[in-house]
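We use all heavy atoms of the structure for the numbers below, so side chains are in, but hydrogens, waters and symmetry mates are not. Labels below follow one simple rule: chain letters A, B, ... track the order of the sequence lines, proteins then strands, and each chain is numbered from 1. Keep in mind that what you see is a predicted model, and the values were worked out from it rather than measured.
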Amino acid sequence: MISYTFDNTLDGLLTAVFEAFALHEQPEQLLSAGDQIPLFCDRNYQVVTDEEKAGRVWKGLEKRLPKEVIRMLYVSWLSELPELNNALFHYICKVFRQPEGAPGIERNFADPDVLAVTNIARKVLHEQLRMKQFIRFQKAKDGTYLAVVAPDHNVLPLITDHFRDRFNDQPWLIYDAKRHYGYYYEGSGVPARITFADESAITFSLSDGRLDDDVLSSEDHLLQELWRTYFKAICIRERMNPRKQLNDMPRRYWKYITEKQEPRRNS
Amino acid sequence: MLSDLTLEKLRILTESAKYDVSCSSSGTVRKGKQGMVGNTVGGIGICHSFADDGRCISLLKIMLTNYCMYDCAYCVNRRSNDIKRATLSVSELEEITIEFYRRNYIEGLFLSSGVVRNPDYTMERLTAIVRDLRLVHRFNGYIHLKAIPGASQELLSEAGRYADRMSVNIEIPREESLKLLAPEKDHRSVFQPMKLIQQGVIENKEDRQRYRHAPRFVPAGQSTQMIVGATKDSDRDILTMSSMLYNQPSMRRVYYSGYVSVNTFDSRLPVLKQPPLVRENRLYQADWLLRFYHFKVEEIVDDMHPNLDLDIDPKLSWALRHPEAFPVDINTADYEMLLRVPGIGNKSAWLIANSRRFNRLTSFDLKKMGVVMKKAKYFITCHELASAFDQTSVIGINELRPERLRPLLITNEQKKLAEAEKQLSFDFEP
Ligand code: SF4
């Protein structure tokens, strides 16, 4: 059995595809750097990530696959799931191995790799939808709207367009507490990726997403209270269904969700 | 200006609005605009939260006032009910909407009102709010406005230029039942505004063909709601009404609302310890079959079966009544027939139709594609299920007979829920 090891970047994975074709072989396993090499492996090849090779593979894909499928591949990559690597690697190899004119493999969901990648992409899309649902902004004194999130997958790149379109006249910052970066939108232009040199000095909490009291805008207390009041009042007690609530809004999102947070002690 | 007093008003007016089950922010795709706040995303809209009752919160669902001059028996806000009353000021309501929206709490506003003074007076105030939201506050998010029956055509036409969706609730499918519970209403008073909205939509379509920039009129169409279990109307009455409504091109959604006993003192109404949630769910499933699975009402309910089976879903129920339609061959059947197989949904039908061109699908493939094989296996043949050598081949619906298959497909939990609900209706003998 042959295995390749790559550096866990998308370019690395694409380079691995390039090498497989250059070396005329089909490795069974694509390993991430640091993974144990399986016992029964005859040969392991260290892939050296090469942007140019990766670019050529991606271009080749764009020629062979419809736009939506290309996007789906990119989306699946954002999952950060270890089980994606092999499936995506084999999927892409199969695309290039296909004879000219054969019906597109991307629609054969009986193929385990195609099905796995498609399902993973679905998961990522679900997670980005959840961000569009559950992101809650607080307004800071300087007029910036802040939201902290910790999504299961790396979905921020998928949602900035939505928030820029929707809130194009208000400055906002959406910050991923798990991955330690965010997107900041000034109120015009394009949202920019930002990181903080010193996360301990920032004016909001990463654990519950709340802005510090001294930077929170004065009307925000009341608005959050109004929202919590609304949330309680809209429930029909005769229809209580906590199971459905948990199913549609799993508990792991609650810590950043205003209506699920305790009111602040009035300062 | 918002103040602590607003809290109490918001609470009262939310409590009063919450029995209208429509929540969706679907049907319009509208990009953001420079200098305006908001957009609408189309599709099924976005649910921003889920209340403790599990219902989606998408819009700020609220009444402008819960004072009402009418006395509809099924309504918590009826004139003769002794509840707290409140009215929000126009500016309070607008400010809450915008501020909630900017914090990503909501997709927009779902505004209704009790009727005060007369329908036109009430409708005028609602219209003023949506106009303000659009023109003064430059609000570009979703607006669902409940039309007040009896309001003039001019007001409805104006409101429709600012709202994404409008609705008028039928509430009760049979007119005699409606008149019994809401003597001041009849079907005409509901169908009239529906017709006006419909007309507006059609005229607007023509206008827009001529002038591309003609403003849109209720682009997300209209919706309506029927209360379930407040009268003796059957599921057949309800679904027949629904399918008639869906024949109007502007009707997008019919909602079903399991009756909550809000008025226990009225002998015209049943006293239910719990709303009939299983029945409500079955109605939604049937509605789904009408809209997306190419079913006709007569296939779902008929003279022999005027009510939906509480134990099993309507698709399975149809399948058990039609063993002659099975087994369905997964590898060759029409798409429409795939959709009729219990355990195969839209998503898996799509995956199957795509994949079977490459290889003959096996039950293993089907399972991985999300088909619920526990159910589906009795209704299909596929690659290895057809093979005579297969040890594991299952006995299908025709060998087993529907009456013996049926109990195999009901889970204990389903049975318990359905039993509890059948119990409920015993208390109702008007
Ligand atoms: S008119 Fe509307 S608010 Fe008034 S009692 Fe009837 S249903 Fe309730």
Side-chain angles (χ1 to χ4, degrees), chain A residues 103 105-112 114-116 118-119 122 129 132-139 145 147 162-170 172 188 219-220 222-227 229-249 257-260, chain B residues 2-4 6-8 10-15 17-19 31-39 41 46-57 60-62 96 99-100 102-105 138 141 258 260-261 272-275 277 351-352 354-359 361-362 365 368-369:
Chain A
I105 173 127
E106 72 275 7
R107 299 180 69 182
N108 183 6
F109 301 101
D111 181 295
V114 174
L115 190 66
T118 309
N119 281 339
R122 274 216 175 99
L129 173 66
K132 291 176 187 170
Q133 299 178 278
F134 302 144
I135 271 182
R136 297 285 180 268
F137 288 112
Q138 307 144 73
K139 192 178 179 184
Y145 288 77
H162 169 78
F163 284 101
R164 178 172 71 140
D165 190 54
R166 173 162 292 195
F167 302 118
N168 64 70
D169 68 343
Q170 73 192 48
W172 49 255
S188 62
E219 74 264 30
D220 236 69
L222 179 59
L223 274 156
Q224 290 183 24
E225 233 4 73
L226 281 166
W227 177 239
T229 303
Y230 178 76
F231 181 78
K232 277 193 215 109
I234 198 74
C235 164
I236 299 179
R237 277 172 292 279
E238 291 84 346
R239 302 181 59 121
M240 278 303 209
N241 193 347
R243 208 162 76 184
K244 178 160 186 308
Q245 182 191 41
L246 274 174
N247 198 30
D248 289 330
M249 189 164 76
I257 294 183
T258 310
E259 59 272 30
K260 283 293 177 188
Chain B
L2 303 179
S3 72
D4 284 346
T6 320
L7 282 169
E8 178 64 1
L10 179 80
R11 192 185 62 72
I12 293 171
L13 291 165
T14 303
E15 301 257 5
K18 70 183 169 191
Y19 299 100
K31 294 234 124 241
K33 291 195 189 90
Q34 205 60 54
M36 292 186 89
V37 57
N39 63 8
V41 296
I46 296 178
C47 291
H48 283 279
S49 193
F50 293 86
D52 294 339
D53 56 14
R55 296 189 308 157
C56 144
I57 301 177
L60 168 63
K61 187 189 295 182
I62 198 163
I96 297 174
E99 295 297 329
F100 276 12
R102 284 193 181 281
R103 284 162 179 75
N104 208 41
Y105 298 165
R138 313 292 294 157
V260 181
S261 299
L272 302 177
K273 279 191 247 42
Q274 263 206 350
L277 296 179
L351 291 175
I352 291 168
N354 273 294
S355 311
R356 65 185 180 186
R357 299 176 308 164
F358 294 86
N359 5 45
L361 302 176
T362 65
D365 296 324
K368 280 201 309 179
M369 288 175 194

(Q) side-chain contact (heavy atoms from CB on, under 4.5 Å) for B/Asn354 and A/Asn108? Distances and angles first, verdict last. (A) CA-CA 6 Å; B/Asn354 273 294; A/Asn108 183 6; over 6 Å; no
(Q) I'd like to know if the side chain of B/Ser355 reaches the main chain of A/Phe109, judged simply by a donor and an acceptor atom lying under 3.5 Å from each other, with no hydrogens or angles considered. (A) yes
Q. What part of B/Asp365 gets closer than 4.5 Å to chain A, counting heavy atoms only: side chain, backbone, both or neither?
A. side chain
(Q) Using the rule given for side-chain contact (heavy atoms from CB on, under 4.5 Å), can you reason through B/Lys61 versus A/Tyr230, listing the C-alpha separation, both sets of side-chain angles and the distance that settles it, and then say yes or no? (A) CA-CA 9 Å; B/Lys61 187 189 295 182; A/Tyr230 178 76; 3.4 Å; yes
Q. Of the backbone (N, CA, C, O) and the side chain (C-beta and beyond), which part of A/Thr258 lies under 4.5 Å from a heavy atom of chain B, both, or neither?
A. side chain
Q. Looking at A/Asp248 and B/Gly54, what are the two nearest heavy atoms and their distance?
A. OD2-O, 4.3 Å
Q: Write down the atom of B/Arg103, the atom of A/Tyr145, and the distance for their closest heavy-atom approach.
A: NH1-CE2, 4.2 Å
(Q) Checking A/Asn168 against B/Gln34 for the side-chain contact (heavy atoms from CB on, under 4.5 Å) test, could you report, in this order, the C-alpha distance in whole Å, the side-chain angles of both residues, the deciding distance, and whether it holds? (A) CA-CA 7 Å; A/Asn168 64 70; B/Gln34 205 60 54; 3.9 Å; yes
**Q.** B/Ile46 portion near chain A, given a 4.5 angstrom heavy-atom threshold
**A.** side chain
Q. Given that the side chain runs from C-beta out, which part of A/Gln224 has a heavy atom under 4.5 Å from chain B: side chain, backbone, both or neither?
A. both
**Q.** Side chain proximity check, B/Phe50 to A/Gln133, heavy atoms < 4.5 angstrom
**A.** yes
Q) What's the shortest heavy-atom distance between B/Arg55 and A/Ile234, and which atoms? A) NH2-O, 3.2 Å
Q: Please name the pair of heavy atoms, one in B/Leu10 and one in A/Thr229, separated by the smallest distance, quoted to 0.1 Å.
A: CD2-CB, 4.4 Å
**Q.** Reported CG-to-CG distance for the pair A/Leu223 and B/Leu2, which is rounded to 0.5 angstrom
**A.** 6.0 Å
Q. Is there a donor-acceptor contact under 3.5 Å from the side chain of B/Lys18 to the main chain of A/Ala233?
A. yes
Q) So, does A/Asp169 use its side chain to make a donor-acceptor pair with the main chain of B/Gly35 at under 3.5 Å? A) no
Q: May I ask you to name which of B/Leu13, B/Val37, B/Ile352 has the most heavy-atom pairs under 4.5 Å with chain A?
A: B/Val37
Q. Non-hydrogen atoms of chain A under 4.5 Å away: do they reach the side chain of B/Val260, the backbone, both or neither?
A. side chain
Q: Look at B/Asp53 together with A/Arg243 and state whether they make a salt bridge at an N to O cut-off of under 4.0 Å.
A: no
Q. Quick one: of B/Arg138, B/Lys33, B/Arg356, who has the most non-hydrogen atom pairs under 4.5 Å with chain A?
A. B/Lys33
Q: Check each atom of A/Lys232 against the heavy atoms of chain B and say whether the ones under 4.5 Å are side chain, backbone, both or neither.
A: neither
Q: Among the options B/Glu99, B/Arg11, B/Lys31, B/Arg102, pick out the one with the most heavy-atom pairs lying under 4.5 Å from chain A.
A: B/Arg102
Q) Contact part of A/Glu259 toward chain B, heavy-atom cut-off under 4.5 Å: side chain, backbone, both or neither? A) side chain
**Q.** Side chain, backbone, both or neither of B/Leu60 within contact of chain A (heavy atoms, under 4.5 Å)
**A.** both
Q. Between A/Trp227 and B/Tyr105, what is the ring plane arrangement, given parallel below 30°, perpendicular above 60°, and tilted in between?
A. parallel
Q | Stepwise side-chain contact (heavy atoms from CB on, under 4.5 Å) test for B/Asp52 and A/Phe231 | A | CA-CA 9 Å; B/Asp52 294 339; A/Phe231 181 78; 4.1 Å; yes
Q) Around atom CZ of A/Arg237, are there more than 12 heavy atoms of other residues, nucleotides or ligands at under 6.0 Å? A) no
Q) Does B/Gln274 offer a backbone N or O that forms a donor-acceptor pair with the side chain of A/Glu238 under 3.5 Å? A) no
Q. Does B/His48 reach the side chain of A/Ile257, with side-chain heavy atoms less than 4.5 Å apart?
A. no
Q: Evaluate the side-chain proximity of B/Leu7 to A/Leu222: yes if any heavy-atom separation is below 4.5 Å, no if none is.
A: yes
Q: Check whether A/Ile135 gets within reach of chain B through its side chain, its backbone, both or neither, counting any heavy atom under 4.5 Å.
A: both
Q | A/Lys132 backbone acceptor or donor facing B/Asn104 side chain under 3.5 Å | A | yes
